[in-house]
Structures are given as C-alpha cells and as structure tokens.
Amino acid sequence: MTSKIAATSTNGPTTSDRFDGCLFGGAIGDALGYPVEFMSYSEIVRQFGAEGITSYWLAKTGGKALFSDDTQMTLFTAEGLVSAGPHANRLTYAQSIYHAYLDWLHTQSSWNEPTRVTWLIKVHDLHSRRAPGNTCLSALGSNEMGAIDKPLNDSCGCGGVMRVAPVGLFFKDPNAAVAVAADAAAITHSHPLGYIPASGLAFIVNRCVYGSGESLDQIVRSLVAALPVWFENAPEEATTMADLLEQAVRLAANSEPDATNIPLLGEGWVGHEALAISVYACLRHPSDFSAAVIAAVNHGGDADSTGAIAGNIMGALLGMGAISSRWTIDIELPEILKRVAGELYQASAAEHKA
C-alpha cells in the first residue's frame, strides 16, 4: 500500500469522479428502494405500474429523496477510514471504523456515549432512524467489537455488505480492500456469509476504480475465482457466494426479464443474495446507471440495500458524470455526500503517497 495513487483509472472518469459517483450512486439507489423495502413485487407493480418504481416516491418521503441506514452507515464507514490516518495497520482501520459505528449508534438511539471519531455525529439530519438493522443495533450495543476470530453472533444479514463500498475506494491494493471490508462487516455480522459478501463488494468497487480497464463481467469472474482462495477457512460459504455470483452472470446474459431472473437469486435480506442481485442488475445494464438501480430495487425484497449496492458499483464504474440530474436534484444531504467523498479521496491519496 505504498504505490502512488493514479490521477485517473482507465480512460474515462477521474478517480475523484468515481469516488463521488460511488457515494452518490449508493445513496440514490438506497433512496429509490427505501420506500418499497417491505413491499412485495406484486404490490410494487400495483402501486407504480408494470415497470415498477422508476423514480423517487417523494410523496412518501415529504418531498426529499431520503436514504436509509445503509447510506448512513456507509458515510460513517468512510469517515472511520479517514479518522484512522494514512498508513495504519489492518487492526487500526477496523478499530477506527468500529468507533465510527458507535457514533452512528448514538445518532440512532442515544443508548451509548459517542466516541466522536467523526464530525458526522453533528449532522442533525443523520440523527434519524431509517429502519436500522436489529443485528447492527444489538452488536454495536453489546460494548464488544466483533471480529472474524471473535464472533458476536451468527448473522449473515446484508447489513455487513451494504455499508463497505468506501473500503474499496480507499485502498488501491485490492487485497487490503478485501481484508478490511471483511473486518468492517464482521464488527456486527459474524457468519462468514455476513462478511464474505462485503469483501466481494469492496473488490468490485476497487477494480472499477483502480483496474486496468476490465469490464464488469471480467471483474466479477475474477472475484468468483478468488473467493475460495481468500476464504479457505470458510470453504463452504466462499463456494456459496461464488456459485451465486456465477448464477448472476449467467442470468444477466439471458433474455428473460429482470422480474423473472432476480427471484432466482433470492430476496436480498442476507448478504450473499444482496450482492448477487446487485451484481446481476449491474451486469444486465452495465452502461446505464438508471436502468441498473431501477432493476435492483424492483423485486420485492430488501430493495434499499440492493439499490444501494448496485448504485455504489455503477457509480464507481461510470463516475458521477453518468448519473442524471434527475437523481441528484432531490437526494437529501448532497453536500454531506460530496464532502465525505472528497475527504475519503484526499485520505486515500495520502494513504498511497510514496
């Protein structure tokens, strides 16, 4: 982790633009899916028509596109990385992210004393409960920091994967991104399928930003091959994740509609299903941010999480310039998203400065 960060990744958006795109993209997908998170697909179609929800449901959210706990925790993940300082070791990054999560917990409940690692705790609008996951609340409220070798529970919910995209942005070395993302997810989700998908998302985001021009399909295939190597101590779970991603690749290449394909991958309430559904949506629509996030939320499962993950990937892949103003004009806290993306970019540049 000592090589100098590139000003641009492949031909196309700058690295900074991809940071912005990833954080805004995640917030947009989250906000699109948040109002329909607990609706069945038939209910979504009945409410919005045959194409499902295709724009923000502002009447439901008071005129602003509100994001959920997914984006809240993503912002705190980013600031946890920033707070660790450059050239920290793996444990220090995990501990700093954990302390940032304790700040987030305080915004949700005031059950704990904040660590005040991040300035985000002073943002009034983040002190709002947006259906936070019970696993995250209980794990963080235990006064114990979970780790891969120190499990707190047996949860494989998607709360571990939906918040770690900043890890893929921060580290240029994909191996570092994979390791720290797993650590960040294991703070609250101890089952291997709670933290293995987090590594998968971080790897995809990392390769979108710092890769050598690989297509998204090639990135996902590389991930499938690497998972059993990275997680040789959890071979069954690594294979489960790899197999589901392979299925997502196959389904994305067929001619069936998204509404037929996505249920074959699950509903997204658990981590491996959430990542697979999001990857499917991005592979099906690899050059169209809007189409990808719309596909990712219209399935009657954990719509905000799959929308957030798909938005993270597409934003990192295509950059901020590929995101239409129709998505950014109504999103809440755009100045906070922009500031966090900028701080993460600057901290990443310091991390990789020789």
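Taking the ring centre of Trp104 as origin, the terminal cationic atom of Arg163 falls outside the region bounded by 6.0 Å and 45° from the ring axis.
Side-chain atoms of Tyr210 and Thr15, non-hydrogen and from C-beta on, do get closer than 4.5 Å to each other. Side-chain atoms of Val340 and Val82, non-hydrogen and from C-beta on, never get closer than 4.5 Å to each other. You'll find the side chain of Pro114 stays beyond 4.5 Å of the side chain of Leu102, heavy atoms only. Ile53 has its side chain out of reach of Ile294: every pair of non-hydrogen atoms, C-beta onward, lies at least 4.5 Å apart. Between Met241 and Pro192 there is no side-chain heavy-atom pair separated by less than 4.5 Å.
The shortest non-hydrogen separation linking Ala181 to Ala202 is CB-CB, 3.5 Å. Here the closest heavy-atom approach between residue Ile313 and residue Cys208 is recorded as O-SG, 4.2 Å. Here the closest heavy-atom approach between residue Ala310 and residue Cys282 is recorded as O-SG, 3.6 Å. Across every non-hydrogen atom of Leu137 and Pro132, the tightest pair is CD1-CG, 3.9 Å.
Note on ring orientation: taking the six-membered ring where Trp is involved, the planes of Trp57 and Phe48 are perpendicular (angle over 60°, cut-offs 30° and 60°). The aromatic rings of Phe170 and His352 lie tilted to each other, with the angle between the two planes from 30° to 60°.
The hydrophobic clustering, which links ILVMFWY residues whose side-chain heavy atoms are closer than 4.5 Å, places Leu81 and Val178 together. By the rule that hydrophobic residues join a cluster once side-chain heavy atoms approach within less than 4.5 Å of another member, Val117 and Val123 end up as members of separate clusters. No single ILVMFWY cluster, assembled from side-chain heavy atoms under 4.5 Å apart, contains both Tyr34 and Ile277. Put simply, Ile262 and Tyr41 are part of two different groups of oily side chains (I, L, V, M, F, W, Y) that touch within less than 4.5 Å, one to the next. The hydrophobic cluster containing Val270 does not contain Val297, counting ILVMFWY residues as joined when their side-chain heavy atoms lie under 4.5 angstrom apart, directly or transitively.
For the residue pair Thr306/His299, the side-chain donor-acceptor check at 3.5 Å is satisfied. Side-chain N/O atoms of Arg284 and Asn254 include a donor and acceptor closer than 3.5 Å. Between the side chains of Ser68 and Asp70, at least one donor-acceptor pair of N or O atoms lies under 3.5 Å. With hydrogens and angles left out, the side-chain atoms of Asp17 and Thr14 include no donor and acceptor closer than 3.5 Å. Between the side chains of Glu351 and Tyr93, at least one donor N or O lies within less than 3.5 Å of an accepting N or O.
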**OP:** Dump the intermediate steps for side chain to side chain donor-acceptor pair (under 3.5 Å) on Asn298 and Asp258, then the final yes or no.
**Re:** CA-CA 8 Å; Asn298 281 291; Asp258 294 335; over 6 Å; no
Original post:
Hey, mind stepping through Met73 and Met162 against side-chain contact (heavy atoms from CB on, under 4.5 Å) and telling me if it holds?
Top reply: CA-CA 8 Å; Met73 294 197 77; Met162 55 76 170; 4.0 Å; yes
Subject >> Steps toward side chain to side chain donor-acceptor pair (under 3.5 Å) verdict (Trp327, Ser290) >> reply: CA-CA 9 Å; Trp327 297 116; Ser290 296; 2.7 Å; yes
**OP:** Evaluate the side-chain contact (heavy atoms from CB on, under 4.5 Å) criterion for residues Lys150 and Glu144: first the C-alpha distance (whole Å), next the side-chain angles of each, then the deciding distance (0.1 Å), finally the verdict.
**Re:** CA-CA 9 Å; Lys150 186 184 174 184; Glu144 297 284 341; 3.2 Å; yes
**OP:** Could you give me the CA-CA distance, side-chain angles and deciding distance for Trp230 and Leu227, then say whether side-chain contact (heavy atoms from CB on, under 4.5 Å) is met?
**Re:** CA-CA 5 Å; Trp230 295 337; Leu227 282 168; 4.0 Å; yes
**OP:** Apply side-chain contact (heavy atoms from CB on, under 4.5 Å) to the pair Thr54 and Glu51, showing each step before the final yes or no.
**Re:** CA-CA 7 Å; Thr54 60; Glu51 295 183 0; 4.1 Å; yes
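Aromatic rings from Phe76 and Tyr101 are positioned such that their centres are separated by 6.0 Å or more. Taking the six-membered ring for Trp and the full ring otherwise, the centers of Phe24 and Phe289 sit at least 6.0 Å from each other.
Checking side-chain atoms of Asp304 against main-chain N and O of Pro35 turns up no donor-acceptor pair under 3.5 Å.
Between Arg339 and Glu335 there is no salt bridge, since none of the side-chain N atoms of the basic residue sits less than 4.0 Å from a carboxylate O of the acidic one. Electrostatic pairing of Arg116 and Asp103 does not count as a salt bridge here, judged by no charged N lying under 4.0 Å from a carboxylate O. Of the charged side-chain nitrogens involved, none lies within less than 4.0 Å of a carboxylate oxygen, so that Arg221 and Glu246 do not count as a salt-bridged pair. Arg130 and Glu332 are joined by a salt bridge, as a carboxylate oxygen and a charged side-chain nitrogen come within less than 4.0 angstrom of each other.
Annotation: Lys64, atom NZ; neighbour count of heavy atoms from other residues, nucleotides and ligands within 6.0 Å is above 12. Within a 6.0 Å radius of CD in Glu236, no more than 12 heavy atoms belonging to other residues, nucleotides or ligands are found. No more than 12 heavy atoms of other residues, nucleotides or ligands sit less than 6.0 Å from atom CG of Asn134.
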